[in-house]
Amino acid sequence: MANKDVTDPARMEKIVSLCKRRGFIFQAGELYGGLNGCWDYGPLGVELKRNLKDYWWRKTVQERDDVLGLDGAILTMEQVLVSSGHVGGFSDPMCDCRVTQARLRADQVPELSGKVRVYRAAYPQALGFKLAKLVTTHGGQCPPESANRALSQAMVTPSAESSSAVEQVTKAIEDFLSAHASIELSDTVTIPAIVADILADITFLDLKVLILEGKNSDSADKVAKKFYSARGIQNPALIVDSALLDVVNSTSFNPENGAELTEPRQFNLMLQTNFGATGDQIAYLRPETAQSIFCQYKNVLDSNRVKIPFGIAQCGKSFRNEINPRNFTFRSREFEQMEVEYFCHPDDGMRLTDEWLEARLKFYGDIGIPREKLHILDVPDGERAFYSKKTYDIEYEFPFGIQELEGVAYRTNYDLGVHEKGAGKSLVYFDEETKEKYLPHVVEPSAGCDRTVLALLCEAFDEETLTDEKGKVDVRTILRFVPRMAPIKVGIFPLLKKNEEQVRICRDIQKSLQPWMNVFYDDGGAVGRRYRRQDEVGTPFCVTVDFDTLGENGDALQGTVTVRHRDSMEQERLPIASLLPWLLERVR
RNA sequence: GCGGGCAUAGCUUAGUGGUAAAGCCCUAGCCUUCCAAGCUAGACAUGCGGGUUCGAUUCCCGCUGCCCGCUCCA
């Protein structure tokens with residue numbers, strides 16, 4: 001979707017490293033080697049995430065008259081997910097065409113007979129690296145890129161279509177060595193030995209293509225070429241075996257193009273579990289929070305004296321057996337969603353979708369994600385889910401690319417419709433004023449909680465280069481969270497930890513603030529060091545009790561403390577008594 | 001899912017077929033009146049499992065995980 005992705009892997013690495021070092025996010029099961037696609041939030045991460053969820057709840061539920069909360073069960077009945085369509089399309093074994101990726105039901109692939117052409121190719125990069133390694137091992141100086149370039153050029157220039165792998169690799173190596181006269185192999189090494197080493201060690205990429213009735217082998221070659229070029233092999237020159245095999249009544253080939261199909265696989269992306277006394281009942285870990293909202297829509301309506309339009313909000317865990325978790329916490333197998341299903345009259349759906357988009361954009365601004373880092377994708381026809389009349393993706397510029405944070409989708413009355421049908425019970429709404437009966441339509445703003453936490457971290461991360469009076473350069477690492485999202489709101493330090501009076505006053509301040517916000521007492525090392533420690537975890541304010549606080553420099557300063565600001569590093573003096581209101585105004 | 005690369009202390013990196021090194025961080029103490037000072041002492045590592053070997057962190061294989069490029073995302 002995104003066309004101007006700017007990625008910064010080095011920045012991402014620093015963020016991941018900071019998250020671990022300071023206790024924001026750890027890999028789940030790390031002690032035992034790690035569990036792919038699962039993450040644990042550490043002491044600071046859980047505060048950050050909680051701040052986000054609490055603020056979302058406050059803004060979405062508590063400060064609105066028209067949205068109610070719900071906390072549904074994670075274990076979900078099979079029938080619910082059959083009705084919703086989550087079980088249906090994915091319960092049969094499926095095959096993929098290895099060339100076009102077309103997905104076919106395994107039991108519906110027709111039996112085909114005919115000649116099959118066998119292709120075998122190797123990645124030129126792989127060959128290049130093997131060669132470089134061998135040359136180096138045998139005393140030559142050879143950077144891998146150089147061997148790679150030379151060898152891959154040789155590889156894509158087939159001498160003859162039917163020449164063998166041994167011949168082609170031999171020729172490539174000879175060409176390479178003659179082009180690099182400085183490389184001398186030791187006397188004990190022969191080119192056939194290197195060729196044998198390479199071929200024994202290399203991974204080949206094989207493909208079979210059935211020559212369809214009425215077509216010739218050229219068409220099969222075309223299919224193979226597409227397959228290899230999609231994998232970075234521009235010219236499948238290394239054809240080891242171009243012999244033709246006969247197959248009869250095989251269901252392993254795509255009837256459209258003759259390409260080989262993958263083995264049939266179960267494609268359910270939901271996590272299943274067993275329960276009941278004998279463990280023979282099936283339930284699913286919900287793949288989205290939305291379904292319990294649809295299923296309880298009528299109960300909420302009947303028990304809370306609400307009228308359409310109104311919404312039901314839910315924040316909680318969902319689970320998907322993602323094929324390919326990637327990008328730190330961005331795509332996880334276990335993740336948290338913040339969703340609203342907003343029920344409305346069919347005439348209002350489009351308008352409300354736009355209104356929710358605006359409300360959500362304001363929310364992101366309020367948590368410190370600037371509007372200019374967000375991209376709104378108006379998902380075009382054909383790319384939306386089939387039931388959706390309008391979908392906006394709200395995307396953020398992550399260091400690994402522009403990726404979706406939230407989808408605002410107008411889902412029509414599809415969801416209530418399928419559950420009405422599945423359960424055999426009416427979900428029609430009766431409007432007392434207009435005497436109108438209809439099945440409500442739904443607008444769904446669905447945000448990824450973990451993704452948003454990650455966006456907060458990425459947005460907040462900053463490195464500032466400082467130069468002191470002596471010209472000494474220092475890098476200050478800061479998380480510039482807006483105060484309402486910061487895991488710790490204020491650090492409290494005695495200037496000298498040996499001064500009992502300062503420590504006592506600090507502890508008093510700590511006690512007085514703790515009921516209102518998360519604070520952190522620290523007396524270790526020099527005060528400057530403590531400031532920097534708090535910068536690194538995004539604490540917006542630090543309070544220092546010093547000798548002025550004790551009245552040693554006059555009555556005017558007695559009972560006041562230094563407040564130091566994270567972003568500017570500037571300080572101001574405030575009376576202890578006014579700290580709480582001063583802070584509350586800034587961290588809510 | 002495909003391919004490539006990588007795996008040594010909390011972090012960043014050395015190094016070795018025979019006792020694993022350093023800086024930062026951390027802990028304790030000394031010192032210290034506002035931005036990562038200094039001194040002393042201390043804790044902490046070869047991802048997991050096989051194989052070769054008298055001996056493997058090092059070489060080989062498998063697994064797991066991470067990163068990159070494709071793919072996928074109901």
Side-chain angles (χ1 to χ4, degrees), chain A residues 7 9-10 12-14 16-23 26-38 42 81 84-91 94 96 98 101 103 121-126 128-129 144 148 201-205 227-233 262-263 265 267-270 287-288 320-328 331 385-387 400 403-404 464 466 468 470 472 474-477 493-499 502 524-536 542-550 552-553 561-566 569-571 573:
Chain A
T7 63
M12 196 59 212
E13 268 177 47
K14 285 181 190 171
V16 173
S17 174
L18 174 66
C19 282
K20 184 178 179 191
R21 190 169 70 246
R22 302 314 302 263
F26 310 118
Q27 183 171 29
E30 192 192 82
L31 193 59
Y32 290 92
L35 183 60
N36 188 235
C38 298
L81 295 165
S84 71
H86 286 89
V87 172
F90 285 83
S91 59
M94 308 288 273
D96 290 341
R98 294 186 65 199
Q101 314 302 334
R103 188 156 286 174
Y123 285 83
Q125 291 90 338
F129 277 103
N148 185 4
D201 202 24
I202 206 153
T203 306
F204 287 102
L205 197 54
F227 174 79
Y228 287 110
S229 71
R231 284 157 182 77
I233 301 173
T262 59
E263 290 294 307
R265 284 175 295 181
F267 254 84
N268 206 313
L269 287 161
M270 290 194 294
E288 59 180 25
R320 294 182 196 182
N321 188 21
E322 295 287 353
I323 301 296
N324 189 4
R326 257 318 152 83
N327 291 326
F328 200 28
R331 177 168 294 140
F386 65 90
Y387 47 76
F400 46 82
Q403 297 281 342
E404 180 183 346
E464 193 176 78
L466 302 173
D468 67 13
K470 297 165 201 154
K472 209 175 149 192
D474 179 27
V475 175
R476 185 169 79 113
T477 302
F493 315 143
L495 190 56
L496 276 189
K497 78 168 167 182
K498 289 223 142 175
N499 186 301
Q502 287 178 8
V527 72
R529 183 186 207 75
R530 295 177 234 158
Y531 288 148
R532 297 299 180 84
R533 269 202 283 254
Q534 292 306 308
D535 289 343
E536 211 178 35
C542 291
V543 164
T544 301
V545 171
D546 57 16
F547 292 92
D548 291 351
T549 314
L550 308 180
E552 290 190 4
N553 294 304
V561 292
T562 300
V563 176
R564 181 263 194 183
H565 294 253
R566 174 195 68 202
M569 293 169 63
E570 281 171 5
Q571 306 189 352
R573 270 203 101 78

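The sequence lines fix the lettering, A, B, ..., with proteins before strands; numbering per chain opens at 1. All heavy atoms count here, side chains included; hydrogens, waters and symmetry mates do not.
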Practice problem: Specify the residue among A:Ala385 and A:Asn327 whose closest nucleotide of RNA chain B lies further upstream toward the 5′ end. | Solution: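 This one resolves to A:Asn327.
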Taking atom [atom1] in both [N] and [M], compute the distance separating them and give it to the nearest angstrom.
N: B:U12; M: B:C67; atom1: P; result: 13 Å
N: B:C26; M: B:G15; atom1: P; result: 27 Å
N: B:G17; M: B:U13; atom1: P; result: 22 Å
N: B:C24; M: B:A9; atom1: C1'; result: 12 Å
N: B:U52; M: B:C72; atom1: P; result: 44 Å
N: B:G42; M: B:U33; atom1: P; result: 28 Å
N: B:G3; M: B:A21; atom1: C1'; result: 36 Å
N: B:A74; M: B:C68; atom1: P; result: 22 Å

Practice problem: Remember a base hit wins even if backbone is also touched, and classify A:Pro287 as base, sugar-phosphate or nothing at under 4.0 Å, heavy atoms. | Solution: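 Counting heavy atoms under 4.0 Å across all strands, the contact made by A:Pro287 includes a base.
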Among all residues two or more places apart in sequence or in another chain, which pass the side chain to side chain contact (heavy atoms under 4.5 Å, CB included) test with [X]?
X: A:Glu570; result: A:Ser568
X: A:Arg529; result: A:Arg533
X: A:Glu13; result: none
X: A:Arg21; result: A:Ser17, A:Leu18, A:Glu536

Quiz prompt | Listed partners of A:Asp474 passing side chain to side chain donor-acceptor pair (under 3.5 Å), at least two apart | solution =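 Result, side chain to side chain donor-acceptor pair (under 3.5 Å) vs A:Asp474: A:Arg532.
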For [X] versus [Y], what's the shortest heavy-atom pair and its separation?
X: A:Gly37; Y: A:Pro325; answer: CA-CB, 3.6 Å
X: A:Gln571; Y: A:Thr562; answer: OE1-CG2, 3.2 Å
X: A:Pro287; Y: A:Met270; answer: CG-SD, 3.5 Å

Quiz item: Quick one: SG on A:Cys19 to CZ on A:Phe328, what's the gap to the nearest 0.5 Å?
Solution: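 With rounding to 0.5 Å, SG (A:Cys19) is 4.5 Å from CZ (A:Phe328).
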Exercise. Convert the base pairs of RNA chain B into dot-bracket notation, remembering that pairs crossing earlier ones are written with [ ] and that bases paired across to another strand are shown as |; include only Watson-Crick or G-U pairs under 3.5 Å.
Key: (((((((..((((....[..)))).(((((.......)))))....(((((..]....))))))))))))....
Atom pairs, protein N/O to nucleotides 11-13 of chain B N/O, distance under 3.5 Å:
from, atom 1, to, atom 2, distance (Å)
B:C11, OP1, A:Lys20, NZ, 3.0

Quiz item: Sub-3.5 Å donor-acceptor pair from the side chain of A:Glu552 to the main-chain atoms of A:Phe547, do we have one?
Solution: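 Such a contact is absent between A:Glu552 side chain and A:Phe547 backbone.
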Exercise. Go through the steps to decide whether A:Gln502 and A:Lys497 satisfy the test side-chain contact (heavy atoms from CB on, under 4.5 Å), and finish with yes or no.
Key: CA-CA 7 Å; A:Gln502 287 178 8; A:Lys497 78 168 167 182; over 6 Å; no
Quiz item: Would A:Glu288 and A:His86 satisfy side-chain contact (heavy atoms from CB on, under 4.5 Å), going step by step from the backbone distance to the final call?
Solution: CA-CA 10 Å; A:Glu288 59 180 25; A:His86 286 89; 3.6 Å; yes
Polar pairs (N or O, both sides) under 3.5 Å between protein and nucleotides 42-45 of chain B?
none

Practice problem: Specify the residues of residues 26-35 of chain A, ordered by number, for which at least one heavy atom lies under 4.0 angstrom from an atom of RNA chain B. | Solution: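 Listed by number, they are A:Gln27, A:Gly33, A:Gly34.
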Quiz item: What do the steps show when you test A:Asp546 against A:Leu496 for side-chain contact (heavy atoms from CB on, under 4.5 Å), and what is the final call?
Solution: CA-CA 8 Å; A:Asp546 57 16; A:Leu496 276 189; over 6 Å; no
Quiz item: Does a donor on one side chain sit under 3.5 Å from an acceptor on the other, for A:Thr544 and A:Arg564?
Solution: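 No donor-acceptor contact under 3.5 Å links the two side chains.
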Self-check item: Protein proximity profile, nucleotides 28-38 of chain B - base contact B, sugar-phosphate-only contact S, no contact -, cut-off 4.0 Å on heavy atoms
Solution: --SSBBBBBS-
Quiz item: So, A:Arg530 and A:Asp535, do they make that salt bridge, N to O below 4.0 Å?
Solution: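 No, this pair does not count.
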Quiz item: What is the distance, rounded to the nearest whole Å, between atom CE of A:Met12 and atom P of B:G69?
Solution: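 Answer to the nearest Å: 13 Å.
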Exercise. Send over the distance from A:Arg326 CZ to B:G1 P, rounded to a whole Å.
Key: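 In whole Å, B:G1 P lies 11 Å from A:Arg326 CZ.
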Taking distance alone, no hydrogens or angles, what donor-acceptor pairs closer than 3.5 Å link side-chain atoms of residues 27-34 of chain A to residues at least two apart or in another chain?
from, atom 1, to, atom 2, distance (Å)
A:Glu30, OE2, A:Lys20, NZ, 3.4

Quiz item: Considering residues at least two apart in sequence or located in another chain, which fulfil the ring pair (Phe, Tyr, Trp, His ring centres under 6.0 Å) criterion with A:Tyr387?
Solution: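 With neighbours one apart ignored, the set is A:Tyr414.
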